[in-house]
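The structure under discussion appears below in the form of C-alpha cells.
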Amino acid sequence: MSRGLGRVQRSIIEVFEKEPGRRFTISELSALAYPGEAIQRKHKEAVRRALKRLEPELGLHKYRAGFLRVSGWRHVIGRRDF
C-alpha cells in the first residue's frame, strides 16, 4: 500500500502547476525541490526518481537538449505540447 506522494513529488507537481508551459532541467527542479541547499548528486537522483513516477500522471516529456555556451547535453522536462 502506498503512503502517498513524497515531498519531492509534491514540490514537482507544484512547480508544473505554477508554470505549466515552462521547461525545466533536472538541476533547476532540484534547486526548487531543495531550496537553500547545495545541490548534490543525491538531490538530482531523488528528483529523477520522482519524475519517473510522475511522468505519466502529469503528461511530462523528457528529452535531451543542447544549450548555447554550455558543454554537453541536459535533460529538459516539460508538459507534452502535442
Side-chain angles (χ1 to χ4, degrees):
M1 180 178 278
S2 176
R3 294 191 290 177
L5 297 174
R7 181 177 67 87
V8 175
Q9 291 172 327
R10 289 191 306 267
S11 67
I12 290 171
I13 290 171
E14 183 180 321
V15 166
F16 279 107
E17 285 178 351
K18 285 182 181 177
E19 301 182 55
R22 184 167 170 211
R23 304 210 185 303
F24 297 91
T25 63
I26 298 289
S27 297
E28 291 171 336
L29 288 173
S30 299
L32 294 169
Y34 297 98
E37 293 186 41
I39 302 303
Q40 299 175 12
R41 183 176 178 180
K42 64 182 180 180
H43 298 113
K44 292 179 182 181
E45 291 301 322
V47 169
R48 282 188 187 102
R49 283 192 306 271
L51 285 168
K52 187 175 181 179
R53 164 100 165 44
L54 293 174
E55 187 175 0
E57 292 178 22
L58 297 179
L60 300 178
H61 179 69
K62 179 174 70 173
Y63 59 94
R64 287 178 16 157
F67 294 101
L68 293 175
R69 298 184 199 97
V70 178
S71 62
W73 293 89
R74 303 289 184 265
H75 282 101
V76 179
I77 297 93
R79 292 193 188 235
R80 295 183 180 172
D81 293 337
F82 48 92

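Of the inter-residue distances, the one linking I39 atom CD1 with S27 atom OG reads 8.0 Å to the nearest 0.5 angstrom. The CZ atom of R53 sits 5.5 Å away from atom CD of Q9, with the distance rounded to the nearest 0.5 Å. A distance of 11.5 Å separates NZ in K44 from CG in L29, rounded to the nearest 0.5 Å. Rounding to the nearest 0.5 Å gives a distance of 7.5 Å between OG of S30 and CZ of R48.
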Evaluate R10 against E14 for salt bridge (charged side-chain N to carboxylate O under 4.0 Å, His left out), listing each step before the verdict. CA-CA 6 Å; R10 289 191 306 267; E14 183 180 321; over 6 Å; no

Quick one: do V47 and F24 satisfy side-chain contact (heavy atoms from CB on, under 4.5 Å)? Show the steps, please. CA-CA 12 Å; V47 169; F24 297 91; over 6 Å; no

Decide side-chain contact (heavy atoms from CB on, under 4.5 Å) for L51 and I26; before the verdict, give the C-alpha distance in whole Å, the side-chain angles of both, and the deciding distance to 0.1 Å. CA-CA 9 Å; L51 285 168; I26 298 289; 3.6 Å; yes

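With a 4.5 Å cut-off on side-chain heavy atoms, L5 and L54 count as touching.
Taking each heavy atom of A50 and I12 in turn, the nearest pair found is CB-CD1, 3.8 Å. Smallest separation of non-hydrogen atoms from A33 and V8: CB-CG1, 4.3 Å.
At distances below 3.5 Å, not a single donor-acceptor pair connects side-chain atoms of R7 with backbone N or O atoms of Y34.
Between R22 and E28, at least one side-chain nitrogen of the basic residue sits less than 4.0 Å from a carboxylate oxygen of the acidic one, meeting the salt-bridge criterion.
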